[in-house]
Structure formats: structure tokens, C-alpha cells
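Just below is one structure, and these are the notes that go with it.
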Amino acid sequence: MTIRAAERGDAGPGPMPAGTGAGAARADGLRTGDGPRTPPTGVPALPAWRPVRGGNAFEITVARLAQAIKLGMVRAGERLPAERELAERLQVSRVTLREAIGALRDAGYLESRRGRYGGTFVLSPRPGHGAGLGRPDAGELAREMGERLHDALDFRRVLESGAAALAADRSLPAGERQHLVAALAASRDRDPLTRRVSDSRLHLLIAAASGSPSLAAAVADVQLTLDRLLAAIPVITRNLDHSDEQHARVVDAILAGDPDGARAAMEEHCDATAELLRGLLT
């Protein structure tokens, strides 16, 4: 099954309905800001919005919000869900949530706007990028990680291939299928400022489509572990071409209900990424 066929089969011959597409692919189904949005059909909640449990509620809330921003669950220019809804989803007090938002606003991730169309908006997934600070040193980051790098790459291969197979084994509702198609299109972005976010977003939606919140949370964690390294390595056009092809094969297999094909395509993709990182960093 091709992506084009999948779009025709699930979304009809016309353009996607309003509320779908990469910019609207919030798999948590929350309204954002003051204006309601049509919630996606049957899409599991992404892991950043899971309830805060144990530890320091403020620190965990900051980490949840930062993870959502860095992994593209809420993208630059988009508004965070309304405070009341977000506090309910995270199961923290609104005071704790406001303090966490304030900390990320001070760090340059967020800004608050007043007025009818106000709210809390994402400024950047990487504050300081392009402000003369330059690209982080990938080799230094890899040395800091040490053996954790190899462990994370191996863990990711098993985890994400399993998530893709589970997603392909489910009967996905039209809303989830549309979100995968839209996220795949967005992941082909070649702008270095947005490519990593769009790539991570696709992987997270695939994990969410597995139907396992625990698996989706683990995929988010490993994506975050590797995020700085993947953002730091040189941009190689041919590698991006291969990555786009691999992503398409994964999504095609999921939409076709082919678990073995989805698993194999994701394993190939993870192996290629691991090989690139090991070749450039070790």
C-alpha cells in the first residue's frame, strides 16, 4: 500500500479535513488556548502529558513540558493546551504548573501573550540556536554519554521496531492513519531548525499508534536521550534521503497492516541511524 492510496482510502479523495496534518497532530486530543479544536479520533495520549507520579512535582512537570517541546509534541509557534486542561492531564496543581511554565519561560522555551488570542506559546525547541552559540560538539556529547550511547542505540532498535509492529497489528481508526500520513509528510522537511522536531514527532506518533502507553513513554525517553546527538551531527543529504525512504516504508507497512514489514523497516532505519552515529562519533 502506498501513502497516496492510504490517504484516499481513509481521508477520501479531497484534502484532509481541518484539524489534521502535522501542525494539528496533537495526539492528546486537548483543546489549545481559548479556541476548541476537533480532537483526533482514537489517537492515544502522547507520553509527555501522562500524570506526574512521585518525586518533586515541580521538577517532573518542567521535565514533561520540556520533553513535549523538544520532541515536537507542541511545536515552535504553537500554543500550549489551556492551563486547566494541562493541569488535569498532568494531575498537578495549577500553582505547580504555573511555576513550571515560568521556569521554561525564563529559560527561553516559552512566552506568554495577553489578549483574546493570548496564552503560552512555544518559542523554540532549542533556545539559543542561531544566536551565535553554534552547533554543539557531537564528539564531546558522545564522550559524555560513553557506553550509554551504545546501550541507547540497542534499546531503541528493539523498542521502536516493536512499537511499529504493534501499530501495524492494530486496526487503526481513520484519525490515527491521517495523523501518521501528515507526520510523515512533515518529517521530509529539510530545514535544519525544524527537521529534528518533525522526525521525532513521527516516531512518537508511531509509538502512540502501538496502543501501549508504556511503550510510547519509553520511546519518548530514548528519543530524548539521542536528540542532542542527532541534532549535532553534520547534515548529510544522502542520509536524509535514505531516512525519508525508510520512514515511508515504515508508515506504508503500518497502514497496510503488515507487522513483519513494519518491524523490518524500522529495524533498518534504527540500524542506519546507529551506524551513522557510531561512524561519526566513535
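- Ring centroids of His203 and His269 are separated by less than 6.0 Å, placing the two rings close together.
- Between the side chains of Ser198 and Arg75, at least one donor-acceptor pair of N or O atoms lies under 3.5 Å.
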Q: May I have the step-by-step check of side chain to side chain contact (heavy atoms under 4.5 Å, CB included) for Arg195 and Ser243, ending in yes or no?
A: CA-CA 11 Å; Arg195 167 83 186 195; Ser243 181; 3.7 Å; yes

Q. Where do Val181 and Leu255 land on the side chain to side chain contact (heavy atoms under 4.5 Å, CB included) test, with the steps shown first?
A. CA-CA 9 Å; Val181 171; Leu255 297 179; 3.9 Å; yes

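- Residues Ser112 and Thr120 share a closest heavy-atom pair of OG-OG1, 3.8 Å.
- Across all their heavy atoms, Leu172 and Ala209 have their closest contact at CD2-O, 3.7 Å.
- If you take CG on Leu65 and CG on Leu110, they are separated by 7.0 Å, rounding to the nearest 0.5 Å.
- Looking at heavy atoms from C-beta onward, Leu97 lies in side-chain contact with Glu83 at the 4.5 angstrom threshold.
- The two residues Ser200 and Gln223 come nearest to each other via the heavy atoms OG-OE1, 3.3 Å.
- Salt bridge annotation for Arg196-Asp199: present, with a cationic side-chain nitrogen under 4.0 angstrom from a carboxylate oxygen.
- From Arg50, atom CZ reaches atom CD1 of Ile60 across 9.5 Å, with rounding to the nearest 0.5 Å.
- For Arg156 (side chain) and Val222 (main-chain N/O), no donor-acceptor pair under 3.5 Å exists by modelled atom type.
- Side-chain N or O atoms of Arg64 include one that pairs as donor or acceptor with a backbone N or O of Pro51 at under 3.5 Å.
- Side-chain contact annotation: Thr194 with Asp189, donor-acceptor N/O pair under 3.5 Å present.
- Leu230 and Met145 fall within a single hydrophobic cluster, where Ile, Leu, Val, Met, Phe, Trp and Tyr side chains are chained together by heavy-atom contacts under 4.5 Å.
- Here the CG atom belonging to Leu104 is positioned 13.5 Å from the CD atom belonging to Glu111, to the nearest 0.5 angstrom.
- Counting heavy atoms from C-beta outward, Leu226 and Leu153 have side chains that approach closer than 4.5 Å.
- Heavy atoms only, all atoms of each residue included: Arg170 and Ala208 are closest at NH1-O, 4.3 Å.
- A pairwise comparison of heavy atoms in Tyr117 and Arg79 identifies O-NH1, 3.5 Å as the closest pair.
- The residue from Asp169, Leu166, Val219 that alone fulfils the side-chain contact (heavy atoms from CB on, under 4.5 Å) condition with Ser210 is Leu166.
- Once rounded to the nearest 0.5 Å, the distance linking CD1 of Ile101 with CG of Leu86 reads 6.5 Å.
- With salt bridges taken as basic N to acidic carboxylate O contacts below 4.0 Å, one links Glu88 and Arg84.
- Within 6.0 Å of the CZ atom in Arg114, the count of heavy atoms belonging to other residues, nucleotides or ligands does not exceed 12.
- A 4.5 Å side-chain heavy-atom check between Asp244 and Leu184 finds every atom pair outside the cut-off.
- Heavy atoms only, all atoms of each residue included: Gly162 and Arg263 are closest at CA-NH1, 3.8 Å.
- Residues Glu268 and Arg249 form a side-chain contact, since some pair of their non-hydrogen atoms from C-beta on lies under 4.5 Å apart.
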**Q.** Glu160/Ile206 under side chain to side chain contact (heavy atoms under 4.5 Å, CB included): CA gap, chis, key distance, verdict
**A.** CA-CA 8 Å; Glu160 295 213 36; Ile206 290 171; over 6 Å; no

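- Phe121 and Tyr109 fall into different hydrophobic clusters, defined by Ile, Leu, Val, Met, Phe, Trp and Tyr side-chain heavy atoms under 4.5 Å apart, directly or through other members.
- Expressed to the nearest 0.5 Å, how far CD of Gln91 lies from OG1 of Thr96 amounts to 13.0 Å.
- Atom-to-atom distance recorded for Glu176:CD and Ile254:CD1 is 10.5 Å, nearest 0.5 angstrom.
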